[in-house]
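All remarks here apply to the structure that follows.
All values derive from a computational prediction rather than experimental measurement. Protein chains get the first letters and strands the later ones, always in sequence-line order, with residue 1 at the start of each. These numbers come from the heavy atoms of this one structure, side chains and all, not from hydrogens, waters or symmetry mates.
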Amino acid sequence: MIDLKLPDGKVINIEKGATVLDAAQKIGPGLAKAALAGKINGHLIDLRAPVNESASLEIVTGKSPEAPEVFRHSMAHIMAEAILQLFPEAQFGIGPAIENGFYYDFLLPRALTTEDLETVEEKMKEVIAKRLPFVRREVSKEEALKMFKELNQPFKLELIEELEDQTITVYSQGKFVDLCRGPHVPDSGAVKNFKLLSIAGAYWRGDEKRPMLQRIYGTAFASKEELKEHLDRLEEAKKRDHRKLGKELDLFSTQEEVGPGLVFWHPNGARIRHTIETFWKEMHYKNGYELMYTPHIGQSWLWETSGHLDFYKESMYSPMEIDGSDYFIKPMNCPFHIMIYKSKVRSYRDLPLRWAELGTVYRYEKSGVLHGLLRVRGFTQDDAHIICTPEQIEDEIREVLRFSLSLWKAFGFSSIKAYLATRPAKAVGDENRWNQAIEALNRAVVAEGLDCEVDDGGGAFYGPKIDLKIKDAIGREWQMTTIQFDFNLPERFDMTYVGSDGNRHRPYMVHRALLGSIERFFGVLIEHYGGAMPVWLAPVQARVLPISDRQADYARLVQKQMREAGIRVELDDRSDKIGYRVRQAQLEKVPFMIILGEQECESSTVTVRLRNGDNLNQVKLEDFIREQEWKKTSA
RNA sequence: GCCGGCGUAGCUCAAUUGGCAGAGCAGCUGACUUGUAAUCAGCAGGUUGCGGGUUCGAGUCCCAUCGUCGGCUCCA
């Protein structure tokens with residue numbers, strides 16, 4: 001007999017070699033029925049796996065946090081079996097569980113269509129109905145190689161050959177056999193709430209030189225309700241798509257005749273951008289930054305010195321020749337800021353320098369990766385460089401982080417997580433500096449009470465960094481802020497300052513972009529608010545709607561007063577019915593509709609319709625103006 | 001860049017097996033003077049992304065190209 005310690009502290013005894021399912025049975029038949037897998041000493045294992053020694057045991061049910069990974073992975077196998085039935089000659093790549101779902105990569109004799117998804121789904125339902133057991137087997141490496149050779153599965157052979165272990169586990173259900181570590185649900189009937197979502201091309205092992213496989217993405221959840229919730233979320237995301245809203249609200253466009261990835265800001269979008277940038281500039285001045293403007297192009301010397309022409313050239317636009325010299329359009333602002341730094345001798349008394357610029361850069365992005373405002377070829381970074389002494393670095397980092405958080409709060413984002421990336425194997429800069437930098441980043445995160453994940457060795461070769469990911473209104477994470485040390489450029493450009501000892505020293509340099517780029521930020525902002533911008537950002541904050549011509553004079557007076565109060569206000573006195581004009585303002589997501597009829601005219605008041613349909617009935621205009629936040633003041 | 005889908009009026013979308021390119025909204029003109037998400041009538045709007053080809057005939061089929069969408073990859 002062996003002891004199994006349960007999560008609640010209780011200990012049960014089972015026979016050595018009994019299965020997890022036996023143990024679950026012993027705890028309770030209800031639990032055994034709901035069980036999907038087990039967890040022995042923290043490791044996920046099959047329900048039918050034998051337990052040979054005393055350990056801690058947890059039964060994984062549909063409600064466990066580990067469950068989705070297990071049943072989604074099983075779902076991928078079920079899909080693979082469906083594909084095998086439809087295409088007996090199919091070759092299989094990999095099929096893992098992913099966030100919210102699963103996928104599997106196949107090499108098939110023909111391209112799949114969206115109709116095929118339904119066929120595959122039907123087949124999967126058949127497989128599920130059969131409740132085929134997932135059978136785990138351990139075989140020797142040679143045996144495995146022989147097995148998958150017979151099955152004509154070259155991708156699997158490649159994977160097996162790379163495995164170090166001499167014992168290989170394979171899982172099978174029905175006719176489908178797969179190389180797999182497991183665990184899986186006990187049988188194919190254990191999970192049925194799924195939907196196939198899309199087909200996509202995917203290179204074998206992500207390598208563009210290897211064959212392109214066809215990937216099917218699907219989603220699966222423990223309950224019908226959760227599945228529906230997820231599908232609704234996808235639907236909601238579609239509604240909020242910034243490309244759709246950008247067109248509907250006339251915010252921006254890209255134009256085929258001009259070039260992909262180049263953004264046109266229409267008047268409405270430009271209004272919002274202007275408001276964002278004005279606020280951003282005020283905030284920077286208040287937080288001790290200086291603002292700068294630098295050129296858009298520079299001679300090749302600059303990019304040779306910075307190293308960009310060595311390792312970033314494929315992302316840069318080709319040079320243009322001017323008076324016999326090559327000029328490149330800038331993909332980054334840093335070399336220009338450095339040139340300002342180097343324009344005179346700097347003393348330790350001048351530091352820290354906080355230099356910011358809304359700098360527009362151009363990068364060549366592969367055509368296939370362009371995406372609305374989120375991935376473009378020309379964009380404006382809200383860039384800054386902090387140049388300081390070693391003694392100042394800690395305070396500076398803390399300050400940047402604090403500043404960043406205050407900016408996010410102002411724009412209505414509160415859920416933020418930090419990701420710290422440390423020194424990779426190949427890196428420049430001496431280790432002391434790296435350590436000091438990482439320390440500073442670490443302490444700043446702690447001081448601000450941020451959740452932080454550490455990516456050990458995930459930093460760039462030139463320095464460690466902190467990225468901030470923000471969560472939007474429907475729970476999606478976006479990587480926006482980056483705070484990045486650079487031990488490379490100060491060396492390459494030989495940046496120095498004169499210390500109190502009269503000697504020259506190398507300053508620290510930190511790149512940081514808080515919003516990231518204005519374009520990308522705008523895209524995220526649109527999706528976060530579903531196009532209904534908060535009042536201070538709305539391109540049109542209020543629209544005055546007189547019921548008939550008889551209120552025309554009063555309407556003009558109201559408009560004038562609001563305009564003089566600094567409000568972006570429009571008058572819509574067209575001879576259409578009020579319902580029509582309300583509808584239009586509503587579709588344009590104007591925050592306030594100022595309705596003026598006979599009654600308002602007589603009582604010298606206004607009635608305000610809000611975007612949510614609520615009314616402020618016959619209020620005094622001054623009171624209404626006073627009570628709203630028309631402009632965000634930089635705190 | 002690669003794999004696959006899509007591209008018809010400013011927008012959203014129709015157009016049997018290849019057989020006269022159409023509707024709603026938006027726009028313009030006029031009437032209506034209106035109380036909270038669409039008043040009515042009329043007018044105008046197109047080289048079906050661009051270029052080739054097959055065919056008596058192409059929005060529809062084929063090739064190429066551009067753009068876009070879903071992914072892969074990249075994001076020093």
Contacts under 3.5 Å, N or O only, protein and nucleotides 66-68 of chain B:
{"unit_1": "B/C66", "atom_1": "O2'", "unit_2": "A/Glu256", "atom_2": "OE2", "d": "3.1"}
{"unit_1": "B/C66", "atom_1": "O2", "unit_2": "A/Glu256", "atom_2": "OE2", "d": "3.4"}
{"unit_1": "B/G67", "atom_1": "O4'", "unit_2": "A/Glu256", "atom_2": "OE2", "d": "3.4"}

Please list each protein N or O that sits under 3.5 Å from an N or O in nucleotides 59-61 of chain B, with the distance.
none

Produce the list of close N/O pairs, under 3.5 Å, pairing protein atoms with atoms of nucleotides 25-28 of chain B; give distances to one decimal.
{"unit_1": "B/A26", "atom_1": "OP1", "unit_2": "A/Tyr580", "atom_2": "OH", "d": "2.9"}

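Aromatic ring pairs are classed by plane angle as parallel below 30°, tilted from 30° to 60° and perpendicular above 60°; the pair A/His371 and A/His242 is tilted.
Residue pairs meeting the ring pair (Phe, Tyr, Trp, His ring centres under 6.0 Å) criterion with at least one partner in residues 570-612 of chain A, sequence neighbours excluded, are A/Phe592-A/Phe624, A/Phe592-A/Trp630.
Proximity of residues 89-107 of chain A to RNA chain B (heavy atom under 4.0 angstrom from any strand atom) is not detected for any residue. Residues from residues 589-599 of chain A placing a heavy atom under 4.0 Å of any atom in RNA chain B, listed by number, are A/Ile595, A/Gly597, A/Glu598, A/Gln599.
Closest to the side chain of A/Lys247, out of B/C74, B/U34, B/C11, is B/C11. Of all nucleotides listed (B/G71, B/U33, B/C2), B/G71 comes nearest to the side chain of A/Ala200. In this structure, of B/A37, B/U34, B/U12, it is B/A37 that holds the atom nearest to the side chain of A/Leu587. The side chain of A/Lys366 sits closest to B/U73 out of B/U73, B/C32, B/C72. With B/G71, B/U36, B/U33 as the candidates, the nucleotide lying closest to the side chain of A/Ser575 is B/U33. Residue A/Ala111 has its side chain nearest to B/G4 when only B/G4, B/U34, B/G1 are considered.
Within the structure, a side-chain polar atom (N or O) of A/Arg609 is placed less than 4.0 Å from OP1 or OP2 of B/A37.
For A/Arg72 and A/Phe102, the positive end is not near the middle of the six-membered ring at less than 6.0 Å and at most 45° from its axis. Remark: A/Lys330 fails to qualify as a cation-pi partner of A/Tyr362 under the 6.0 Å distance and 45° angle criteria applied to the six-membered ring.
A distance of about 27 Å separates the C1' atoms of B/U8 and B/C3, rounded to the whole Å. Between B/C69 and B/G57, the distance separating the two P atoms is 37 Å to the nearest Å.
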Could you pull out all donor-acceptor pairs under 3.5 Å where a side-chain atom in residues 313-320 of chain A meets a protein atom, sequence neighbours excluded?
none

Expected list for residues 82-90 of chain A: side-chain donor-acceptor pairs under 3.5 angstrom, two or more places apart:
none

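Within 6.0 Å of atom NZ in A/Lys417, more than 12 heavy atoms from other residues, nucleotides or ligands are found, so the atom counts as buried in its surroundings. Within 6.0 Å of atom CZ in A/Arg363, more than 12 heavy atoms from other residues, nucleotides or ligands are found, so the atom counts as buried in its surroundings.
Residue A/Arg550 is in sugar-phosphate contact alone, with no base atom involved, counting any heavy-atom pair closer than 4.0 Å across all strands shown. Heavy atoms of A/Asp310 sit nowhere under 4.0 angstrom from any nucleic acid atom. Contact annotation for A/Ile547: base contact, defined as any heavy-atom pair under 4.0 Å involving a base atom. Using a 4.0 Å heavy-atom distance criterion, A/Ser315 is classed as making no nucleic acid contact. In this structure, A/Gly579 reaches the sugar-phosphate backbone alone: every heavy-atom distance under 4.0 Å involves primed, P, OP1 or OP2 atoms, never a base.
Atom P of nucleotide B/C72 and atom CG of A/Leu112 are separated by 17 Å, given to the nearest angstrom. One interatomic measurement links the two molecules: CD of A/Glu248 to C1' of B/C11, which rounds to 9 Å at whole-angstrom precision. Remark: P of B/G1 and OH of A/Tyr364 are 5 Å apart, rounded to the nearest angstrom. A/Arg215 places its CZ atom 16 Å from the P atom of B/G70, with the value rounded to the nearest Å.
Checked by atom type, the side-chain pair A/Thr219/A/Asn100 shows no donor-acceptor distance below 3.5 Å. No side-chain donor from either of A/Trp265 and A/Ser253 sits under 3.5 Å from a side-chain acceptor of the other. The closest side-chain donor-acceptor pair between A/Ser517 and A/Gln381, if any, does not fall under 3.5 angstrom.
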* Asked: Would you write out the dot-bracket form of RNA chain B, 5' to 3', with Watson-Crick and G-U pairs under 3.5 Å, [ ] for crossing pairs, | for pairs to other strands and . for unpaired bases?
  -> (((((((..((((.....[..)))).(((((.......))))).....(.(((..]....))).))))))))....
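Residue A/His230 holds its NE2 atom at 13.5 Å from CD of A/Glu236, rounded to the nearest 0.5 Å.
A/His528 is linked by a side-chain hydrogen bond (donor to acceptor under 3.5 Å, both in side chains) to nothing, counting only residues two or more places apart in sequence or in another chain. Residues passing the ring pair (Phe, Tyr, Trp, His ring centres under 6.0 Å) test with A/Phe106 are A/Phe92, A/Tyr104, sequence neighbours excluded. Every residue two or more places apart in sequence or in another chain that forms a ring pair (Phe, Tyr, Trp, His ring centres under 6.0 Å) with A/His308 is listed here: A/Trp303, A/Tyr312.
Between the side chain of A/Arg377 and the backbone N or O of A/Tyr364 there is no donor-acceptor pair closer than 3.5 Å. For the pair A/Gln91 (side chain) and A/Phe155 (backbone), a donor-acceptor distance under 3.5 Å is absent.
A salt bridge is absent between A/Arg205 and A/Asp207; no separation between the charged side-chain nitrogens and carboxylate oxygens falls under 4.0 Å. A salt bridge links A/Glu208 with A/Lys366: the closest approach of a Lys/Arg side-chain nitrogen to an acidic carboxylate oxygen falls below 4.0 angstrom.
Across all their heavy atoms, A/Ile338 and A/Met509 have their closest contact at CD1-CE, 3.9 Å.
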